[in-house]
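Notes follow the structure.
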Protein chains: 4
Amino acid sequence: MRADHEKIRRLISTARGQLDGILKMVEEDRYCVDISNQLMATAAVIRKANREVLAAHMMGCMSEAIQQGKGQEKIDEVMKLLEKMDK
Amino acid sequence: MRADHEKIRRLISTARGQLDGILKMVEEDRYCVDISNQLMATAAVIRKANREVLAAHMMGCMSEAIQQGKGQEKIDEVMKLLEKMDK
Amino acid sequence: MRADHEKIRRLISTARGQLDGILKMVEEDRYCVDISNQLMATAAVIRKANREVLAAHMMGCMSEAIQQGKGQEKIDEVMKLLEKMDK
Amino acid sequence: MRADHEKIRRLISTARGQLDGILKMVEEDRYCVDISNQLMATAAVIRKANREVLAAHMMGCMSEAIQQGKGQEKIDEVMKLLEKMDK
């Protein structure tokens, strides 16, 4: 992956730290609504990491393939990812 | 939280393990599309954990409040969570 | 449906009007990014209508069922909807 | 827009027809859960139309820009769309 590794690693590490905090909240029997808010915040960080990976992919592999006239396959691959993102 | 703690903890721990694996993939410079797929799988596990927390909340706090004729506030609170889930 | 019919109808009508506008944009060969933005705005209006329907359901049918000690089935039904919303 | 106009128009027209049907369901006071399911189905059709528009954009404008060495701006534009899709 040619992405901005450092930024992506930082986001993933942040999400991991949030999950540790949420496990503690569950053990401490904290209010469901607070736990839910934290889970959604964590999912948002992971989605942000995912967008960063996609941006890197478009700037790297996909752009190269397009410049070589072989863009179709890479664009199809990205569209499949978007279909999953979009559920 | 009155939820099924064990199930929720297991889902959160699974997501945490997935993030560890993804950090390793980033370090190993793996293909962006594979990393993206793993990130989306992790986000799906976190959303599942969130729905379990919500189900527990509805069966617990919210149902009690409704039985005591004080449901409005709890339903408003859940609707705010749904607005966030729904972006 | 006991929901606030008027509010829900208004949202659905708004979305319908937006789709008419978007069909026109497609015919006029407008810029893809502008069309995409309009489609996402329309989807957001539909999700808002959906949340209004859910709120009405929780205040109505679901609360009644819970007061009669028959909440489980209604909560399961709502959780299935949330699973779909959440993809 | 260079997209597959016909496919995109068909999806948007389908969504429009679904909204007409849902308005009728609301007027007939149908069960909230059924209305919610229809609203979510409609949102899914709109998201599919949106992905078709994006695919067309990537194959058209974005690929051309990349081939001319001016991909950055187009990719940034697509990333902003993804951020909205992703909420």
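Protein chains get the first letters and strands the later ones, always in sequence-line order, with residue 1 at the start of each. Nothing here was measured: the structure is a model prediction, and the numbers come from that model.
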Return the CG to CZ distance between C/Leu23 and D/Arg9, rounded to the nearest 0.5 Å.
6.5 Å
Would you indicate whether D/Gln68, at its atom CD, is surrounded by more than 12 heavy atoms from other residues, nucleotides or ligands within a distance under 6.0 Å?
yes
Please flag which part of D/Lys48 lies under 4.5 Å from any non-hydrogen atom of chain C: side chain, backbone, both or neither.
neither
Find the distance between CD (D/Glu52) and OG (C/Ser36) and round it off to the nearest 0.5 Å.
12.0 Å
In short, D/Ile46 meets C/Ala43 closest at the heavy-atom pair CG2-CB, 4.0 Å
Decide side chain to side chain contact (heavy atoms under 4.5 Å, CB included) for C/Val78 and D/Val33; before the verdict, give the C-alpha distance in whole Å, the side-chain angles of both, and the deciding distance to 0.1 Å.
CA-CA 8 Å; C/Val78 166; D/Val33 171; 5.8 Å; no
Which atoms of C/Lys24 are under 4.5 Å from chain D, going by heavy atoms: the side chain, the backbone, both sets, or neither?
neither
Find the distance between CE (D/Met40) and CG (C/Asn50) and round it off to the nearest 0.5 Å.
5.0 Å
When rounded to the nearest 0.5 angstrom, what distance separates SG in C/Cys32 from CE in D/Met62?
11.5 Å
Mind checking the OG1-CZ spacing from C/Thr42 to D/Arg16? Nearest 0.5 Å is all I need.
12.0 Å
Give the minimum heavy-atom separation between D/Leu19 and C/Ile12, together with the two atoms involved.
O-CG2, 3.8 Å
About how many Å separate NE2 of C/His57 and CG of D/Asp34, when rounded to the nearest 0.5 Å?
10.0 Å
